[in-house]
Amino acid sequence: MFKQKIAYIIEKRLNAKKMANNKKMYDQVMKSVDKMITELSSHDEFNLSCKPLILEYIINTLLDSICAESIFKPLCNVNSFPIPFFSSFYNEKGNTLSFNDSSKKANVNLSSTKIYLHPWNNVRTRESLVNISENDFVYDKNNHFAIYYPYINLCYVTCGNHSINAGRYFKKGSIVADEYDLTVCFPHIETDGNYWFNTHTNEPLIPVIDYRFAAIFTIAKMKYELNDH
């Protein structure tokens, strides 16, 4: 009982430390975004039109970092793979909404999409690389599952990580994924880098696992609003 209590205290402190770091890094990213955007002259029409471009650059830079890290981790025997966002949220009436309610299928090109996956077994990674280096990538509807967020061009792979990773690496083929429209939750969700919040009640929903996804969400929301939505 005593050991369990100590373990609980240690885990709680580690989580608190991780959340504090999440908030610190999120705030730093958003500070950099604000600086890059606000320094554009309000009297220069060309500069103002560049705001969405700059925001998109930052989103893609964060995505590149996350996607590369999730592929690199298994080489260091680290197998954490954070879920990017959330699956459900609430509207202003308190009704539960889900991406699944309006999802459709999308064809995802492995050579032109940000692919977020986790090839957790290095032996299987090696075998898949050798196989796809010599053959075409073939989509398997019974093994390849993923979620595609078109607004940020991110494909989150949930099954078939090793073969899809090889297809991604050799820029071969495509897969079919469930398409989730991230923009539909922009009016209903906000974040401070630590939690995802219900915009209408300010109630925390679930913790943010990786501050970069929180930053991507906030910046994508800014870009969406800039485009007269």
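The backbone N or O of Thr61 sits nowhere less than 3.5 Å from a side-chain atom of Ser65 that would complete a donor-acceptor pair. Within the 3.5 Å criterion, the main-chain N or O of Tyr224 finds a donor-acceptor partner in the side chain of Tyr151. For the pair Ser70 (side chain) and Leu117 (backbone), a donor-acceptor distance under 3.5 Å is present. Checked by atom type and distance alone, the side chain of Asn165 never pairs as donor or acceptor with a backbone atom of Arg168 at under 3.5 Å. Judged by distance alone, the side chain of Asn198 and the main-chain N or O of Glu203 form no donor-acceptor pair under 3.5 Å.
Between Met30 and Ile219 the shortest side-chain heavy-atom distance falls below 4.5 Å. Here the side chains of Asn100 and Tyr180 are in contact, with some heavy-atom distance below 4.5 Å. At a threshold of 4.5 Å between non-hydrogen side-chain atoms, the residues Phe99 and Ser88 do not count as touching. By the 4.5 Å heavy-atom criterion applied to side chains, Tyr169 and Leu110 are not counted as neighbours. Residues Asp192 and Phe197 meet the side-chain proximity criterion, which asks for heavy atoms closer than 4.5 Å. Side chains of Asp181 and Tyr149 form no contact here, defined as non-hydrogen atoms less than 4.5 Å apart. For the pair Tyr195 and Ile206, the minimum side-chain heavy-atom distance is 4.5 Å or more. Proximity of Val157 to Tyr116: side-chain heavy atoms (C-beta onward) are nowhere separated by under 4.5 Å.
No continuous path of ILVMFWY side-chain contacts below 4.5 Å connects Val138 to Ile164, so the two sit in separate hydrophobic clusters. In the hydrophobic clustering of ILVMFWY residues, with side-chain heavy atoms under 4.5 Å counting as a link, Leu63 and Phe72 come out apart. Side-chain heavy atoms closer than 4.5 Å link hydrophobic residues (I, L, V, M, F, W, Y) into clusters, and following such links, possibly through other members, connects Ile58 to Leu182.
The pair Asp64-Lys114 meets the salt-bridge criterion, with a side-chain N (NZ, NE, NH1 or NH2) lying under 4.0 Å from an Asp/Glu carboxylate O. Salt-bridge formation is not detected for the pair Lys31/Asp27: no Lys NZ or Arg NE/NH1/NH2 atom is positioned less than 4.0 Å from an Asp or Glu carboxylate oxygen. Ion pairing between Glu69 and Arg212 holds under the 4.0 Å rule for side-chain N and carboxylate O.
The environment of CG in Asn77 is sparse: at most 12 heavy-atom neighbours from other residues, nucleotides or ligands sit within 6.0 Å. In Phe145, the CZ atom is crowded: over 12 heavy atoms of neighbouring residues, nucleotides or ligands sit closer than 6.0 Å. Ile83 CD1: 12 or fewer foreign heavy atoms inside a 6.0 Å radius.
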Run Tyr90 and Thr199 through side chain to side chain contact (heavy atoms under 4.5 Å, CB included) and show every step you take.
CA-CA 9 Å; Tyr90 301 94; Thr199 301; over 6 Å; no

Apply salt bridge (Lys or Arg N to Asp or Glu O under 4.0 Å) to Glu225 and Lys221, showing your working.
CA-CA 6 Å; Glu225 291 169 354; Lys221 193 172 179 178; 5.1 Å; no

Do Ile189 and Leu205 pass the side chain to side chain contact (heavy atoms under 4.5 Å, CB included) test, and can you show the C-alpha distance, the side-chain angles, and the key distance before you say yes or no?
CA-CA 9 Å; Ile189 292 285; Leu205 301 175; 3.4 Å; yes

Any chance you could lay out the side chain to side chain contact (heavy atoms under 4.5 Å, CB included) test for Phe86 and Cys185, step after step, and finish with the verdict?
CA-CA 10 Å; Phe86 37 82; Cys185 65; 3.7 Å; yes

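Classified by interplanar angle (parallel below 30°, tilted 30° to 60°, perpendicular above 60°), the ring pair Trp196/Phe217 is perpendicular. By the 30° and 60° cut-offs, the orientation of the rings of Phe81 relative to Tyr156 is tilted.
The side chain to side chain donor-acceptor pair (under 3.5 Å) pairs that include a residue from residues 119-130 number zero, where partners must be two or more places apart or lie in different chains.
Ser174 approaches Tyr139 most closely through the heavy-atom pair O-CB, 3.5 Å. The heavy-atom pair separating Phe213 from Pro82 by the smallest distance is CE1-O, 4.3 Å. Considering all non-hydrogen atoms of both residues, Pro187 and His200 come closest at O-CE1, 3.6 Å. The minimum heavy-atom distance linking Ile175 with Cys155 is given by the pair CD1-SG, 4.0 Å. Nearest heavy-atom pair, Ser163 versus Ile132, reported as atom, atom and distance to 0.1 Å: O-CG1, 4.5 Å. Considering every non-hydrogen atom in both Ala146 and Thr158, the closest pair reads N-OG1, 3.9 Å.
The distance from the CG atom of Leu55 to the CD1 atom of Ile216 is 12.5 Å, given to the nearest 0.5 Å. Once rounded to the nearest 0.5 Å, the distance linking OH of Tyr148 with NZ of Lys105 reads 15.0 Å. Within the model, atoms CG of Asn107 and CG of Asn109 stand 7.5 Å from one another, a figure rounded to the nearest 0.5 Å. Distance CD1/Ile147 to CZ/Phe85: 10.5 Å, rounded to 0.5 Å. For the atom pair CG of Leu226 and CD1 of Ile37, the computed distance is 7.0 Å after rounding to the nearest 0.5 Å. In this structure, CD1 on Ile115 lies 8.0 Å from CG on Asn153, to the nearest 0.5 angstrom.
For Asn194 and Tyr26, the side-chain atoms include no donor-acceptor pair closer than 3.5 Å. Residues Lys172 and Ser111 bring no donor and acceptor atom of their side chains to less than 3.5 Å of each other. Side chains of Asn131 and Asn135: a donor on one and an acceptor on the other come within 3.5 Å.
Residues passing the side chain to side chain contact (heavy atoms under 4.5 Å, CB included) test with Asn91, sequence neighbours excluded: Lys93, Asn95, Leu97, His188.
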